[in-house]
Protein chains: 2
Amino acid sequence: MNQPKKLNTPSVAPIKCSQCPIRHRAVCARCDDDELEILESMKSYKTYAAGDVILWRGEPLEFVASVVTGVATLSKTMEDGRTQMVGLLLPSDFIGRPGREQIEFDVTATVDVTLCCFDRPRFESLVCETPHIAQRLMELALDELDAARDWMLLLGRKTAREKIATFIEMLARRSSHGQDGSKDVIDLHMTRDQIANYLGLTLETVSRQFSALKKDGVIDFSDRKHFTVEDIAALQDETGDDADGGVVY
Amino acid sequence: MNQPKKLNTPSVAPIKCSQCPIRHRAVCARCDDDELEILESMKSYKTYAAGDVILWRGEPLEFVASVVTGVATLSKTMEDGRTQMVGLLLPSDFIGRPGREQIEFDVTATVDVTLCCFDRPRFESLVCETPHIAQRLMELALDELDAARDWMLLLGRKTAREKIATFIEMLARRSSHGQDGSKDVIDLHMTRDQIANYLGLTLETVSRQFSALKKDGVIDFSDRKHFTVEDIAALQDETGDDADGGVVY
DNA sequence: ATGATTCTTTGATCTGTATCAAGGCAAAAA
DNA sequence: TTTTTGCCTTGATACAGATCAAAGAATCAT
């Protein structure tokens with residue numbers, strides 16, 4: 001076992017949960033000071049430029065991490081180049097699979113990304129000894145699974161218009177910092193081509209659907225990467241989802 | 001807490017792991033006799049006829065279970081009736097989400113199904129106290145997640161022919177009881193319509209692709225629900241996946 | 001058995017999205 | 001500033017798979 005001993009740093013103020021980036025997804029909401037200090041001791045930050053590949057499929061996983069800033073994508077590619085994104089990592093999302101040595105997809109930064117990384121072996125020994133963290137990681141895995149299944153419905157059955165509406169609605173919900181958030185300027189972060197790969201479309205279709213939604217007054221673009229939702233009700237109608245929600249993403 | 005005490009049944013032979021259906025996915029491979037006996041005490045069998053809905057979306061989960069015989073599907077349905085299957089449960093697969101009160105999809109028996117059910121609250125207290133079971137459930141969740149992501153690539157980017165080939169290849173792999181297994185008669189278990197809902201196609205397209213693969217000598221149908229793989233190499237070529245595999249399902 | 005029902009196959013046609021192609025715009029480089 | 005470069009938009013056309021339609025098997029009920 002190589003989990004760190006409690007460090008002797010009395011002059012340093014106790015580490016606050018707010019300083020523990022993994023808390024972004026509440027992993028350590030229930031951590032005590034000792035556990036937080038252990039996390040702190042194995043923590044380091046890594047940054048990646050837009051376009052950098054963070055992890056290649058099959059590469060050994062040396063760390064687990066949470067996204068502090070930026071956006072990264074999980075994607076699978078076929079021999080002939082067809083690509084499908086299988087996940088989107090926004091700030092507070094977690095990278096890593098408890099007990100897995102490697103991942104089955106590429107992780108790529110779409111804009112500059114900062115990760116808060118934890119040494120994997122040390123993180124895993126902490127997890128082994130801390131059931132509430134293990135439990136939280138299980139919740140994260142099940143959330144991802146629910147999101148993946150919602151996306152399967154989108155990929156298999158939704159029209160291009162519904163796909164785009166769903167995507168925009170998800171971005172609006174996930175990036176709204178306000179309580180209402182309906183008129184925030186939202187950053188797309190991705191190119192039309194990347195969005196197409198996420199939605200199982202081509203970049204031309206993405207562009208056309210954006211134009212159509214703009215023409216219909218549902219959204220408005222300030223520039224190519226920034227838009228506002230002008231009619232949230234219409235947007236939700238277009239997604240094809242039940243009004244009541246229950247969708248995770 | 002309401003986990004059962006160890007039962008006093010000395011006249012009964014020790015419960016073998018082979019009698020514990022959940023072991024189908026090796027959940028209790030590392031269980032000791034006490035744990036097995038606890039599992040045994042909370043176990044019951046339920047059967048469902050073909051077409052029965054086992055669980056409705058949103059319904060409270062009263063048990064977790066593993067499939068003993070039969071095939072069940074996980075599916076999501078849109079308001080207008082469009083349906084997408086998001087998972088397929090074959091014998092040995094597990095139903096249930098540690099820590100979740102309900103599920104986000106319907107579970108339906110496509111043929112007669114027997115489940116081995118465990119009372120959920122009692123199962124969860126056992127899990128809480130048995131880290132190696134918790135760890136195994138995490139592995140199962142991550143396996144499902146990998147499978148879901150492979151299916152996203154299929155739904156988003158594969159052609160109808162590739163989808164059908166992938167589906168057949170998966171069935172061949174999962175239902176081969178022999179070591180080689182390439183010429184076993186494989187049971188389809190599902191109607192063309194259900195297959196279509198699994199692959200994001202229509203039933204007519206499924207039928208046409210089956211006919212085409214038969215005409216090309218890749219597979220052969222003995223009747224509508226039973227086929228053999230005549231040319232496994234050709235089948236794998238048609239899936240669009242890397243030759244090396246790495247696919248989970 | 002026999003008729004009813006449900007599933008499957010196959011054909012004809014339609015359509016949503018992909019593909020091909022050509023400019024347009026904005027940020028970066030010269 | 002001008003040029004280059006990388007995205008993006010829009011139009012024209014093609015095509016894979018959906019939809020519509022009808023006839024054939026298989027299964028079920030009586």
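Remember, predicted model here, so these are calculated numbers, not experimental data. Below, chains carry the letters A, B, ... as their sequence lines are ordered, and counting in each starts from 1.
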query: Under 4.0 angstrom, heavy atoms only, what part of the nucleic acid is B:Lys163 near: base, sugar-phosphate, or nothing?
result: nothing
task: Answer with base, sugar-phosphate or nothing: what part of the nucleic acid does B:Leu201 contact at a heavy-atom distance below 4.0 Å?
output: sugar-phosphate
query: With distance as the sole criterion, do the side chain of A:Arg192 and the base of D:dT10 form a donor-acceptor contact below 3.5 Å?
result: no
query: Below 4.0 angstrom from OP1 or OP2 of D:dA16, is there any side-chain N or O of B:Thr205?
result: no
message: Please classify the nucleic acid contact of B:Ser207 as base, sugar-phosphate, or nothing, using heavy-atom distances under 4.0 Å.
response: base
- prompt: Taking A:Lys43 for the side chain and A:Cys116 for the main chain, is one N or O donor matched with an acceptor at less than 3.5 Å?
  reply: no
- prompt: Quick one: does B:Glu204 reach the base of D:dC20 with a side-chain donor-acceptor pair under 3.5 Å?
  reply: yes
message: Taking any heavy-atom pair under 4.0 Å as a contact, classify A:Arg224: base, sugar-phosphate, or nothing.
response: base
- prompt: Going by distance alone, is a donor N or O of one side chain under 3.5 Å from an acceptor N or O of the other, for B:Thr83 and B:Thr77?
  reply: yes
field: Separation of D:dG6 P from A:Lys225 NZ (nearest whole Å)
entry: 14 Å
- prompt: B:Gly200 near the nucleic acid: base, sugar-phosphate alone, or nothing, with a heavy-atom cut-off under 4.0 Å?
  reply: sugar-phosphate
- prompt: Along DNA chain C, 5' to 3', what are the outermost nucleotides having an atom less than 4.0 Å from a heavy atom of chain B?
  reply: C:dC7 to C:dA12
- prompt: How long is the span from the CD atom in A:Glu62 to the CZ atom in A:Arg120, to the nearest 0.5 Å?
  reply: 8.5 Å
- prompt: With a 4.0 Å cut-off on heavy atoms, is B:Thr202 in touch with a base, just the backbone sugar-phosphate, or nothing at all?
  reply: base
query: Should the pair B:Asp143-A:Arg100 be classified as a salt bridge under the 4.0 Å nitrogen-to-oxygen rule?
result: yes
task: Rounded to the nearest 0.5 Å, what's the gap from CE on A:Met85 to CD1 on A:Ile195? Could you check?
output: 8.5 Å
field: A:Arg208 with A:Glu204: basic N within carboxylate O range, under 4.0 Å
entry: no
message: Could you tell me how far apart B:Arg161 (CZ) and D:dC15 (P) are, to the nearest whole angstrom?
response: 18 Å
